[in-house]
Every structure is written in C-alpha cells, then in structure tokens.
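The block underneath contains the structure these notes are about, expressed in structure tokens.
Atoms within a ligand are numbered from 1 in the order they appear, just like the ligands themselves. Since the model is a prediction, treat every value here as computed from it, not as a measurement.
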Amino acid sequence: MASSTAQSTLPAHHPLVTGRTAESPLLNQYRGSRDSAGTPAAPHRRPVWFMRQAGRSLPEYRRLREGTSMLDACLDPEMASEITMQPVRRHDVDAAIFFSDIVIPLRLAGIDVEIVPNVGPVLGTPVRSRVGVEALPVLDDDAFAPITEAVGRTVEQLGATPLIGFAGAPFTLAAYMVEGRPSRDHLGPRTMMHADPDTWHALASWAADVSGRFMRAQLEAGASAAQLFDSWAGSLGRTDYAAHVQEHSAAALSHVSGLGAPLVHFGTGTGEILDLMREAGADVIGIDYRVQLDEATRRLGPQTPLQGNIDPALLDADWPVLEEHVRQVITSGSEAAGHVLNLGHGVPPTANPEVLTRVVELIHSVEPSTPSAGA
Ligand code: CP3
C-alpha cells in the first residue's frame with residue numbers, strides 16, 4: 001500500500017485527498033485495516049460492487065446506447081459518465097466502476113480497433129512481428145482528455161461513493177493485439193513469448209505503458225482505487241507467468257503505486273498464480289468463482305484483502321440457492337484482512353437486474369461482524 005504522503009501527488013480536490021471517500025466501506029476493506037487485536041475493523045456495511053455492473057443487463061443502458069458504438073460511447077464523456085452512474089443508482093452498490101474498455105488506450109493511440117457486438121475487440125491489423133511492434137504509435141497524454149472529463153463529471157455526482165478506475169493487464173491486452181480478436185487458448189501470444197521473446201517483451205512493455213497511463217489518468221482525475229484486469233492470465237502456467245508476464249503487470253501497476261489508492265489485481269482461472277499476481281504490486285486480489293475465498297486466504301496469507309467471488313451462474317438459480325451461496329461467500333471471505341463482495345467474473349448480459357439489487361440488499365443486511373478469533 002502506498003504511503004499517505006504520496007497522496008500529495010494527487011490534486012487537492014481529489015476525493016482521496018479531501019477525505020470524501022476515505023472512510024467508505026470499500027476503501028476500509030481494500031485497506032484491510034486491522035485493529036490492535038488483529039481483526040479487521042468492521043465497516044458500517046459490507047461493501048459490494050459487480051464487474052460489468054454497467055452494461056447490457058440494464059434496460060436504461062440499452063436505451064442510452066442505441067445507435068452509438070461501444071467505443072464511441074466510452075469516448076463521449078457525458079454518456080460514459082451517465083452509464084457509470086446507472087448501476088450505482090439502481091443497485092445501491094458501494095462503488096462505481098468507470099465505464100470504458102481495456103482497448104480504449106489502443107483507440108486513443110490511433111490503432112484501428114472496434115468492439116464487435118457479441119464478439120469483442122477486433123483489430124484491423126494484428127501485431128505479430130517485430131516490425132509490427134516497432135510500428136506501434138506513441139500514445140500522447142493529451143489523448144486521455146475524454147477520459148479525464150468523464151471521470152471528473154462522474155466523481156462530482158458520486159459524493160462519498162468511490163469510483164474505481166481500471167485497465168487491462170499487459171498479457172490480456174497483448175493477447176487481443178496478437179490474435180486480432182478474442183480467442184480461447186491465446187496460442188498467438190503464448191507462442192510469441194517463447195518463439196520470439198524480444199518481440200513479446202517489446203509488445204508487453206508497450207501494453208504496460210498505455211494501460212498504466214490509462215489507470216493513472218483515471219486516478220488523477222478522481223478515481224479512488226484501480227483494478228488491473230488480467231482476464232486471460234489463467235491460460236498461462238506459473239513458469240510462463242513468472243518469466244514473461246509478471247514484470248510487465250508490475251510495470252503497469254508501477255504507474256499508479258504511491259498515489260494512496262488501493263490497487264486490485266484480478267484474473268480468471270488464476271488460482272495457481274495468485275501469489276505472483278500479488279507480488280506484481282497489488283494490494284487486493286480479485287478471486288474468480290473457481291477458488292473458494294478461504295482457500296485463497298490459505299494461498300495468500302491472511303494479510304491480503306480479497307474481492308469476490310459470487311458465481312455469476314447462480315444469478316439465475318432460485319433465490320434460496322443464490323442466498324445460501326452468497327452467505328457462504330461471506331463466511332469464506334471472513335478469514336481475510338478485508339473482503340469486498342463481487343462476482344467471480346462479470347455480470348452476464350442476460351442477468352436479471354432485480355436479482356442483482358436483491359443480492360446487494362442481502363449483503364448489506366448481514367451484520368459486518370468480527371470474524372472468529374485467530375482469523
Ligand atoms: O461495468 C464495468 O465493469 C465497467 C466497464 C467495463 C467494460 N469492459 C465495458 C464493456 C470493463 C471493466 C471492461 C473490461 C474488459 N473489456 C475486459 C476485462 C474484464 C473481463 O470481462 O474479463 C475485457 C476482456 C474486455 C474486452 C471486451 N470488451 C469484451 C470481451 C467485450 C464483450 C463483447 C461482447 O459483446 O460480448 C467487450 C465489450 C464491452 N465492454 C461491453 C461492455 C459493457 C459490451 C458492449 C455492449 O454493450 O455492446
């Protein structure tokens with residue numbers, strides 16, 4: 001965690017500097033603040049937010065987005081800000097996540113990238129060679145203007161509720177750049193790191209730089225925390241992650257360390273590399289639905305605050321089944337220094353938003369009690 005003096009590099013009106021978000025349940029848990037007895041300080045309510053809480057599960061989102069492409073919506077400050085606010089108003093979640101996308105830095109750098117509905121990010125020219133990497137454009141800081149404007153507008157409306165900024169981790173971003181489109185096994189980038197390691201490192205360095213600066217732009221403009229998404233890191237073994245990826249994720253995170261904002265690192269299928277993801281420089285580890293939180297605490301130690309990990313598949317189950325699962329996640333997370341409830345991956349577009357609101361009510365209704373002694 002960054003020292004508090006480093007906050008002076010954020011502007012004086014920043015919510016972390018004025019203290020507006022400092023006492024929020026979210027930051028309290030992200031900081032894992034233990035009292036003198038070693039137990040986490042109880043927040044006044046248990047914090048919860050959902051990855052992809054903004055988006056297609058919400059009818060108000062679908063209406064607003066009609067006729068506007070995904071990336072154009074991200075770069076329209078008024079629209080991006082309104083979409084960010086929609087789930088906060090509707091669900092009473094404890095954080096907003098900035099509405100944007102991991103490929104926005106590519107678009108801002110002038111790369112031909114679109115998000116194709118029901119497919120995902122597609123690049124006009126995949127980056128597969130040294131020449132391709134050397135031809136990558138330089139991303140100008142001024143290009144972040146629509147992002148900082150959207151963040152500024154959002155933070156004004158949020159009051160004491162923190163905004164979370166984010167970026168794609170270098171491996172996940174580079175996977176799209178090499179494949180040129182979503183893929184299941186990410187063979188392209190995994191081959192490149194062995195067949196042509198210099199090109200891989202140059203590409204991952206470029207991705208770390210643009211993602212790190214994207215997060216920094218959001219934090220400087222008013223976000224109180226940031227999350228690095230390494231959604232596809234689960235396709236890597238430990239050895240490959242350690243040798244070819246970890247240093248680049250660390251480089252991305254280094255752009256935002258020392259600001260006093262908690263940093264969350266999340267991936268899916270990453271049970272085998274949780275410790276390496278923390279070592280990359282994160283304060284909080286996001287856990288997908290495959291690893292139980294008490295097991296994650298065994299792997300990471302009790303000092304690491306966790307985020308997660310309600311299984312999105314259960315949103316469609318009968319309420320008693322879902323309720324039991326949510327209660328188990330709460331119990332399972334109580335051994336960690338801090339716990340922020342979330343899903344184990346994003347809200348499915350087919351999710352019923354009323355169920356999400358009910359899950360938030362349930363989580364807020366469970367007393368934030370002190371976990372058992374010795375936890
Ligand atoms: O609410 C939030 O979580 C904030 C917004 C957010 C989006 N993308 C909006 C979005 C965030 C944090 C992301 C990150 C992102 N984008 C990741 C990492 C998180 C994850 O889900 O693993 C990845 C891998 C991407 C790339 C991407 N963008 C994909 C795979 C898709 C889905 C394509 C599809 O149509 O199924 C997108 C598009 C996207 N990003 C949508 C949203 C709301 C859907 C676009 C739409 O509304 O039509």
Side-chain angles (χ1 to χ4, degrees), residues 48-76 79-91 93 95-107 113-123 147 150-151 154 163-177 179-184 186 189 207 211 214-215 218 223 225-235 249 252 264-270 286-289 307-309 312 342-351 353 356:
V48 52
W49 67 277
F50 303 118
M51 293 183 275
R52 290 276 173 93
Q53 63 190 20
R56 281 173 294 179
S57 66
L58 300 185
E60 58 270 35
Y61 168 84
R62 296 196 296 267
R63 273 197 300 276
L64 191 59
R65 269 283 319 281
E66 250 169 52
T68 309
S69 77
M70 171 64 194
L71 295 185
D72 286 348
C74 294
L75 295 177
D76 174 339
M79 199 182 281
S81 173
E82 171 57 22
I83 293 173
T84 303
M85 292 302 298
Q86 285 175 345
V88 181
R89 292 190 203 111
R90 185 192 260 266
H91 300 310
V93 278
I97 172 114
F98 182 54
F99 180 78
S100 196
D101 198 84
I102 61 168
V103 297
I104 279 290
L106 307 188
R107 169 62 78 86
V113 58
E114 273 305 339
I115 290 188
V116 177
N118 302 316
V119 176
V122 175
L123 272 76
I147 302 305
V151 168
T154 309
L163 176 71
I164 301 171
F166 75 92
F171 175 73
T172 291
L173 197 57
Y176 285 113
M177 295 173 77
E179 300 279 358
R181 54 187 301 112
S183 73
R184 220 182 54 171
H186 316 293
S211 275
F214 180 45
M215 274 190 294
Q218 295 166 64
Q227 176 160 323
L228 192 66
F229 281 89
D230 211 349
S231 303
W232 311 141
S235 69
S249 295
V264 186
H265 202 172
F266 169 78
T268 67
T270 43
I287 308 292
D288 83 350
Y289 57 86
Q307 177 172 281
N309 67 350
N342 203 315
L343 298 179
H345 200 175
V347 174
T350 52
L356 292 172

*Without swapping roles, check the side chain of R62 against the backbone of R56 for a donor-acceptor pair under 3.5 Å.*
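Yes; judged by distance alone, with no hydrogens or angles, the pair exists.
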*Short question: side chain of N342, backbone of N309 - any donor-acceptor pair under 3.5 Å?*
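A pair under 3.5 Å: no.
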Tell me: protein heavy atom nearest [atom], and distance?
{"atom": "atom 40 (N) of ligand 1", "result": "D101 OD1, 2.8 Å"}
{"atom": "atom 35 (O) of ligand 1", "result": "N118 N, 2.8 Å"}
{"atom": "atom 7 (C) of ligand 1", "result": "S100 O, 3.2 Å"}
{"atom": "atom 36 (O) of ligand 1", "result": "R56 NH2, 3.1 Å"}
{"atom": "atom 26 (C) of ligand 1", "result": "P121 CG, 3.5 Å"}
{"atom": "atom 46 (C) of ligand 1", "result": "R65 NH1, 3.2 Å"}
{"atom": "atom 11 (C) of ligand 1", "result": "F166 CZ, 3.6 Å"}
{"atom": "atom 3 (O) of ligand 1", "result": "R52 N, 2.5 Å"}

*Considering only heavy atoms from C-beta outward, does the side chain of P348 approach that of S57 to under 4.5 Å?*
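When only atoms from C-beta onward are counted, S57 and P348 do not touch, as no gap falls below 4.5 Å.
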*Apply ring-ring contact (aromatic ring centres under 6.0 Å, His included) to the pair F166 and F98, showing each step before the final yes or no.*
CA-CA 7 Å; F166 75 92; F98 182 54; 7.1 Å; no
Could you tell me, atom by atom, which parts of ligand 1 come under 4.0 Å of a heavy atom of [X]?
{"X": "G120", "value": "33 (C)"}
{"X": "Y61", "value": "43 (C), 46 (C), 47 (O)"}
{"X": "F99", "value": "43 (C)"}
{"X": "F98", "value": "4 (C), 5 (C)"}
{"X": "I97", "value": "1 (O), 2 (C), 3 (O), 4 (C)"}

Nearest-0.5 Å distance that lies between atom [atom1] in [X] and atom [atom2] in [Y]:
{"X": "R89", "Y": "T84", "atom1": "CZ", "atom2": "OG1", "value": "10.0 Å"}
{"X": "S231", "Y": "H186", "atom1": "OG", "atom2": "NE2", "value": "9.0 Å"}
{"X": "S81", "Y": "D76", "atom1": "OG", "atom2": "CG", "value": "10.0 Å"}
{"X": "F171", "Y": "W232", "atom1": "CZ", "atom2": "CH2", "value": "10.5 Å"}

*Give the C-alpha distance, both sets of side-chain angles, the deciding distance and a yes or no for salt bridge (charged side-chain N to carboxylate O under 4.0 Å, His left out) between D72 and R107.*
CA-CA 10 Å; D72 286 348; R107 169 62 78 86; 3.6 Å; yes
_Min N/O separation W232 to ligand 1 under 3.5 Å_ =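 No - when backbone and side-chain N and O of W232 are compared with those of ligand 1, no distance drops under 3.5 Å.
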*State whether the shortest distance between N or O atoms of T172 and N or O atoms of ligand 1 falls below 3.5 angstrom.*
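The answer is no, given that T172 and ligand 1 share no N or O pair closer than 3.5 Å.
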*Considering only heavy atoms, does P117 approach ligand 1 within less than 4.0 Å through its side chain, its backbone, both, or neither?*
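Under 4.0 Å from ligand 1, P117 contributes backbone atoms alone.
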_ligand 1 contact on M70 by region, counting heavy-atom pairs under 4.0 Å_ =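 Contact part for M70 vs ligand 1: side chain (C-beta onward).
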_Selection from F229, Y176, F266 by shortest heavy-atom distance to atom 24 (C) of ligand 1_ =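 Considering heavy atoms of F229, Y176, F266, the nearest to atom 24 (C) of ligand 1 sits in Y176.
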*Measure from atom 25 (C) of ligand 1 to every heavy atom in I102, T68, V119 and give the option owning the shortest one.*
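Among I102, T68, V119, the closest heavy atom to atom 25 (C) of ligand 1 comes from I102.
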_Set out, in order, the CA-CA distance, both residues' side-chain angles and the distance that settles side-chain contact (heavy atoms from CB on, under 4.5 Å) for I164 and W49, then state yes or no._
CA-CA 10 Å; I164 301 171; W49 67 277; 3.4 Å; yes
*Only counting residues at least two apart or in another chain, list the ones meeting ring-ring contact (aromatic ring centres under 6.0 Å, His included) with Y289.*
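Testing Y289 for ring-ring contact (aromatic ring centres under 6.0 Å, His included), a comparison that skips the adjacent residues, returns none.
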*Can you find a non-hydrogen atom of Q227 under 4.0 Å from ligand 1?*
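Contact check Q227 vs ligand 1: negative.
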*Please determine, by modelled atom types, if Q53 and Q86 share a side-chain donor-acceptor pair under 3.5 angstrom.*
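No, no side-chain donor-acceptor contact under 3.5 Å.
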